[in-house]
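Remarks on the structure that follows.
Just so we're on the same page: letters track the sequence lines, and every chain starts at 1. Everything numeric in this text was worked out from a predicted model, so none of it was measured.
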There are 2 protein chains.
Amino acid sequence: MRDTKAATHAQRALITLRQRILNGQLAGGTRLFEVALAEDLGISRTPVRAALARLAEEALLDRTTGGGFAVRSFAVRDVVDTIELRGVLEGTAARLAAERGAPVDMLAEAREIIRQIDRLFTADSIDMDSYSALNTRFHAHLSRMSQSDVIQRQIERIIALPFASPSAFLDDHSQQLALIKTLGAAQEQHRAMIDAIANREGARAESLAREHARAARRNVESLLDAEANLREGVPSLAILAS
Amino acid sequence: MRDTKAATHAQRALITLRQRILNGQLAGGTRLFEVALAEDLGISRTPVRAALARLAEEALLDRTTGGGFAVRSFAVRDVVDTIELRGVLEGTAARLAAERGAPVDMLAEAREIIRQIDRLFTADSIDMDSYSALNTRFHAHLSRMSQSDVIQRQIERIIALPFASPSAFLDDHSQQLALIKTLGAAQEQHRAMIDAIANREGARAESLAREHARAARRNVESLLDAEANLREGVPSLAILAS
DNA sequence: TACCTTGCCTTTGTATACATAAGGTGCCCC
DNA sequence: GGGGCACCTTATGTATACAAAGGCAAGGTA
């Protein structure tokens, strides 16, 4: 990870700080001071400020009154609401795709991704990394099918939060077996969404996408209901306020 | 306008540049150079960079590859999609308010705002500034009723764009009379939304809020269909790519 | 003539010194 | 003893000088 050396100090600082926030090393509410960070990272205040500004843009930091920055804190309800929001936005993307009519080549590509996911199921055990990558590709493609830059931007902004990404929790190894059982259902929803879009059934496409996101929500909720030790293997939830 | 002097150079630069973008003085796609802006504004590059970063955060600038900034260009479709998006988000806020149950005092306040708008209609002519202020208050309150910080943030971010605000186009004096005719319908929708929320009718609340936003969309579309000279008195549309 | 290479020029990246504002603390006066 | 004022500390705000990277143009060569 430390070998992902970017070109500039500001980019390296951005990556480092983002990671510290996402993995919970920097707890929600923590005020970030330029001088302290600069010393810690071994650079000057200027690139630190640049990195902080970008983290604020990513909604990982809040600007405090008086010009400073503080780590945004995410409560359980915020996580749930953010996933709900992803469902709403992806639902809108699906509806717009249906209403505006998706080009045949985009429909074809969506179906090709679905086919590739199907192939993963033929093996004895599922390669989670491949599934995760294909699932992410499917969702990105769905967003594109809306033919709306405005919607696409919004979705990209939301799924930048690790717990809101369509492939969040797939790297959770604690409930792997239970999770795999749900993948078949998810794939069925993928298929139905594209079918609805192809048939110009906007309302159906929208509610399918919303329901699809609910799986992630159920996942979070079951993880949080479980014993605390189950949560520790779930990197997407490290950011949660304790 | 120039007397809205903020405390710091960066804040003044932010205000000045924001205005230049919104009123179309800085056309979409224009690349913004730190040195040139600094000279123009009579300050150094440092506060200029700070202002540019914040404008990127507001989605008025895009970051270009290589570190620069360019004015975001808004096509007609982007404006329409953004209004649609506001409808979707306000719809979600209304649905969540209904599903989660709005506290009685929030319902009471919403009804009080509606009453105040009613009073405006009793006069011979409508005070558009008062209407606009109350309408904005109603929408902000609706957003709050969702009891979701995540949703509220999103809505605030969207309505920061002048053409997406619930009270956009109310200051358009070209079609004033036609506009006033629609205000009664809008007010009826306000009432129905709160009624739906109070009755825990989530789907009804959601679709009412969506339809409510459609009025703004119709407004934009009729303005754009009209002769170009009609558009010139509409500040909210100055940002539109020509 | 077309392409590649080199060098300049433009623009952003970085460090740093100094300015300024705000908040906390301690002392003094009432 | 309490309150207010002033100082000091700590933070961000600003200017500026220099570094480095990327793009463009011009010139040379194949």
Side-chain angles (χ1 to χ4, degrees), chain A residues 1-21 25-73, chain B residues 1-21 25-73:
Chain A
M1 195 117 317
R2 198 49 54 113
D3 40 282
T4 17
K5 285 294 177 198
T8 67
H9 285 164
Q11 284 171 49
R12 278 189 290 275
L14 174 63
I15 291 169
T16 304
L17 292 175
R18 188 195 285 126
Q19 197 152 82
R20 287 191 192 168
I21 294 168
Q25 222 173 314
L26 285 169
T30 307
R31 175 102 183 261
L32 296 184
F33 298 109
E34 295 176 4
V35 183
L37 287 175
E39 277 174 17
D40 183 32
L41 299 171
I43 59 182
S44 78
R45 281 174 57 208
T46 312
V48 169
R49 294 191 90 179
L52 294 177
R54 296 197 65 141
L55 288 167
E57 209 170 319
E58 293 181 18
L60 290 178
L61 296 183
D62 287 325
R63 290 184 188 266
T64 66
T65 57
F69 295 89
V71 179
R72 181 168 167 198
S73 35
Chain B
M1 193 121 319
R2 197 47 53 114
D3 41 284
T4 16
K5 286 292 177 198
T8 67
H9 284 164
Q11 284 171 47
R12 278 188 290 274
L14 174 62
I15 292 169
T16 303
L17 291 175
R18 188 195 285 124
Q19 195 151 85
R20 288 192 191 169
I21 294 169
Q25 220 172 319
L26 285 169
T30 307
R31 176 103 182 261
L32 296 184
F33 298 110
E34 295 175 4
V35 183
L37 286 176
E39 278 174 16
D40 183 33
L41 299 171
I43 58 182
S44 79
R45 282 174 57 209
T46 313
V48 170
R49 295 190 87 177
L52 293 176
R54 298 199 64 143
L55 288 167
E57 209 170 320
E58 293 181 17
L60 291 179
L61 296 182
D62 288 326
R63 289 183 188 266
T64 67
T65 58
F69 295 89
V71 179
R72 181 167 168 198
S73 35

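Atoms CG and CD, from Leu26(A) and Gln19(A) in turn, are 11.0 Å apart once rounded to the nearest 0.5 Å. Between the CD atom in Glu34(A) and the CG atom in Leu32(A) there is a gap of 10.0 Å [rounded to 0.5 Å]. Rounding to the nearest 0.5 Å gives a distance of 16.0 Å between CZ of Arg54(B) and CZ of Arg49(B). One finds the CG atom of Leu52(B) at 6.0 Å from the CG atom of Leu37(B) (value rounded to the nearest 0.5 Å).
If you take CG of Leu32(B) and P of dT11(C), they are 12 Å apart, rounded to a whole angstrom. Here the P atom of nucleotide dT12(C) and the CZ atom of Arg54(A) are 14 Å apart, to the nearest Å. Straight-line distance from the CD atom of Glu39(B) to the C1' atom of dT12(C): 15 Å, rounded to whole Å. Note: CG (Leu37(B)) to C1' (dT11(C)) measures 12 Å, nearest angstrom.
Contact detail for Ala13(A) and Leu41(A): the closest heavy-atom pair is CB-CD1, 3.9 Å. Residues Gly29(B) and Ala70(B) share a closest heavy-atom pair of O-CB, 4.0 Å.
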Test side-chain contact (heavy atoms from CB on, under 4.5 Å) applied to Ile15(B) and Arg18(B), step by step: CA-CA 5 Å; Ile15(B) 292 169; Arg18(B) 188 195 285 124; 4.3 Å; yes
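Contacts of Leu52(A) with the nucleic acid, taken as non-hydrogen atoms under 4.0 Å apart, are absent. Residue contacts shown for Arg31(B) are limited to sugar-phosphate atoms, with no base heavy atom under 4.0 Å away.
Arg72(B) contributes a side-chain N or O that, together with a main-chain N or O of Ala59(B), makes up a donor-acceptor pair within less than 3.5 Å.
Remark on the helix from dT1(C)-dA30(D) to dC30(C)-dG1(D): inter-end axis angle 10°, axes from five-pair C1' superpositions, rounded to 10°.
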Protein-to-nucleotide contact annotation, 5' to 3' order, nucleotides 13-18 of chain D [B base; S sugar-phosphate only; - none; under 4.0 Å, heavy atom]: BBBBB-
